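This one's a predicted model, so the numbers in the text were calculated from it and none came from an experiment. Heavy-atom basis, side chains included; hydrogens, waters and symmetry copies ignored. Throughout, a chain's letter reflects where its sequence line sits, starting with A, and its residues are numbered from 1.
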Amino acid sequence: MDGCEVTIKRLLITLLSIVLLIGLWSIVAVTINDNALPTPSAVWAAMVVEWRAGDLVFHLSMTLMRVALAFIVAMAIGSAIGIFLGMKPAADLFLDPWLILLLNIPALVVIVLAYIWFGLNEAAAVGAVAVNKIPNVVVTLREGARSLDPEFAEMGRVYRFGRFKRLWHIVLPQLQPFFAAATRSGIALIWKIVLVVELLGRSNGVGFQIHLYFQLFDVATILAYTMAFVVVMLVVEFLILQPFETRSNRWRATAT
Amino acid sequence: MSYLLNVDIKERIFQTQEGASLHAIGQLNFSLQPSSFTVVVGPSGCGKTTTLRMILGLDQGYKGSIEAKLDTSSGGHGKGTTAAVFQEPRLLPWRTVEQNVRLALPEPLKQSSFEDLFDTLGLQEVRSFYPSQLSLGLARRVAIARAFAVEPSLLILDEPFVSLDEPTADRLRALLLRVWQARPCTVLMVTHNVREAAELADNILVFSKRPTRVVDSITVEKSREQRDATYIQHIVDKLKNSVQSEDVQS
């Protein structure tokens with residue numbers, strides 16, 4: 001009962017906050033009365049037009065596909081390297097300069113070089129996004145691997161846990177918060193870089209459309225695409241990320 | 001004489017980060033008879049835990065040898081294995097009580113039931129709980145259940161009843177004996193509580209301060225049922241004497 005009331009209260013507060021934001025936006029837009037800042041209803045109208053034409057769904061799905069691919073590649077490679085470096089201080093010492101270099105190369109440079117070296121193709125686009133994200137995943141998971149509790153490892157040795165058992169029941173559960181952190185910051189970062197990649201060298205996707213409507217100076221449609229993709233990311237957050245996190249944190253409930 | 005475990009350690013020296021060295025263990029010789037219950041007592045910080053870690057294979061940096069004949073001796077299906085109850089229960093917090101016990105089981109015991117263990121230790125009601133929902137006493141019982149569930153030849157216990165209130169510790173000691181009698185194996189237990197040693201052990205080893213060696217080895221003659229308060233007091237006094245004389249010497 002209490003939990004239900006709290007949820008409703010929190011939902012109401014969230015709703016109020018969103019309504020207030022849209023209200024403020026409307027007032028400012030009406031006051032300025034300039035095409036450079038369309039009203040929320042104009043953005044909504046543009047979104048409906050794009051939806052009816054079928055463009056919205058097509059370009060959103062292209063972008064979403066690139067985000068998903070780049071995310072999977074970055075998480076797989078980044079966490080493997082990160083866990084390895086966290087467990088092997090010698091390798092970490094040696095490779096740390098490489099990591100700092102990669103962390104500080106601007107996303108734009110990686111994208112431009114990827115297109116020059118590998119051509120204007122899908123693999124170069126997705127790869128460039130992944131390369132931008134990998135160092136962040138490495139740093140986060142390296143921290144996680146450094147904080148692994150040796151007491152559990154010893155328990156596993158005494159009870160002769162095999163390689164798989166050790167990984168699945170001892171190592172990965174301890175790394176779960178670090179995977180969650182890398183995922184959170186990862187998805188937000190990746191979809192922003194994907195737009196740049198699409199703008200520079202793809203002929204579809206939200207980034208390409210924004211580039212197109214930038215040339216037409218159509219701010220309403222630009223905002224329509226932005227809002228639509230933000231909504232998609234919110235759905236991913238609520239339907240995939242949060243349920244997964246709740247599930248993997250259920251053991252944290254304390255004594256009743 | 002046949003033994004299950006023979007410890008013949010020459011020395012164990014720890015190097016601290018500042019470059020100093022700490023002579024933790026000296027000449028340390030003792031052996032365990034099959035199916036015996038041996039308790040180690042000694043002043044705190046005397047290398048008892050280090051000795052257990054060396055026996056468990058978690059500390060390899062010693063000179064000397066530790067020889068175990070686990071295969072030919074007591075123990076159930078888990079023949080040849082060693083189990084441990086650490087000072088902290090070391091249960092995986094993200095697995096339930098039952099999963100924690102089941103995970104430790106070796107392949108041949110995968111299908112075995114440990115209902116009797118859970119019954120004896122009073123764990124039936126909490127088998128689907130997570131460790132964070134348990135009191136320390138209950139968590140220790142789970143750790144004991146996990147150790148006996150693998151039916152080991154050798155069971156190592158490192159102060160398994162420390163920081164429990166006395167009635168809880170007493171109950172757990174009685175439970176430990178009951179489980180041990182139902183599933184016999186060779187036990188090596190460390191404690192700083194001499195009364196606990198007098199109540200539980202067949203043999204008591206008294207360790208010296210650093211560098212550790214065995215200063216006294218006492219065999220408790222009477223069976224556990226026959227040990228009355230005066231007899232236990234007698235053993236306790238004897239132990240206190242050896243521990244204290246050791247304190248004075250060093």
Side-chain angles (χ1 to χ4, degrees), chain A residues 3 79 83 86-90 92-93 140-141 143-184 241-256, chain B residues 49 52-60 70 78 80-97 99-110 125-126 128-136 138-139 142-143 145-152 154-158:
Chain A
S79 53
I83 294 170
M87 288 177 162
K88 304 266 188 264
D92 184 34
L93 188 69
T140 310
L141 267 297
E143 218 47 59
R146 278 177 185 161
S147 69
L148 288 175
D149 190 339
E151 293 208 336
F152 291 132
E154 287 181 357
M155 189 278 292
R157 271 177 71 187
V158 167
Y159 286 102
R160 301 186 180 182
F161 279 32
R163 189 177 284 269
F164 172 79
K165 240 190 199 180
R166 230 172 31 226
L167 188 70
W168 190 253
H169 297 289
I170 297 183
V171 175
L172 288 182
Q174 291 184 73
L175 293 179
Q176 188 272 331
F178 296 89
F179 274 112
T183 303
R184 272 288 150 70
L241 295 187
Q242 287 201 359
F244 177 76
E245 237 168 85
T246 314
R247 205 189 111 77
S248 46
N249 278 330
R250 67 201 186 284
W251 58 272
R252 283 184 209 273
T254 38
T256 44
Chain B
T49 297
L52 295 190
R53 292 176 56 81
M54 294 190 291
I55 294 171
L56 285 169
L58 299 174
D59 184 335
Q60 314 264 9
L70 301 183
T81 60
T82 304
V85 176
F86 300 95
Q87 238 172 66
E88 295 306 316
R90 298 202 194 179
L91 304 171
L92 298 174
W94 38 85
R95 295 288 181 265
T96 63
V97 165
Q99 288 168 335
N100 262 289
V101 175
R102 207 164 271 291
L103 274 173
L105 296 178
E107 211 47 58
L109 285 170
K110 270 285 173 277
E125 297 81 42
V126 298
S128 59
F129 280 38
Y130 288 102
S132 61
Q133 298 169 295
L134 305 178
S135 65
L136 180 60
L138 267 172
V142 178
R146 176 174 66 187
F148 278 102
V150 307
E151 301 183 12
L154 175 63
L155 173 60
I156 304 274
L157 299 136
D158 187 4

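Of all heavy-atom pairs between Val158(A) and Phe86(B), the closest is CG2-CZ, 3.9 Å. Nearest heavy atom pair, residue Lys165(A) against residue Leu105(B), reads NZ-O, 3.6 Å.
Using a 4.5 Å heavy-atom cutoff, the side chains of Trp94(B) and Gln174(A) are in contact.
Of the two parts of Leu91(B), only the backbone, made up of N, CA, C and O, holds a non-hydrogen atom closer than 4.5 Å to a non-hydrogen atom of chain A.
At least one donor-acceptor pair under 3.5 Å links the side chain of Ser132(B) to the backbone N or O of Trp251(A). In terms of modelled atom types and a separation under 3.5 Å, the side chain of Arg157(A) and the main chain of Gly57(B) share a donor-acceptor contact. Looking only at distances, a side-chain donor or acceptor of Tyr159(A) sits under 3.5 Å from a matching main-chain atom of Ala84(B).
With values rounded to the nearest 0.5 angstrom, Arg160(A) atom CZ is found 6.0 Å from Thr81(B) atom OG1.
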Review item, side-chain donor-acceptor pairs of residues 148-155 of chain A, under 3.5 Å, at least two apart:
from      : atom 1 : to        : atom 2 : distance (Å)
Asp149(A) : OD1    : Glu151(A) : N      : 2.9
Glu154(A) : OE1    : Arg53(B)  : NH1    : 2.9
Glu154(A) : OE1    : Arg90(B)  : NH1    : 2.9
Glu154(A) : OE2    : Arg53(B)  : NH1    : 2.9
Glu154(A) : OE2    : Arg53(B)  : NH2    : 2.8

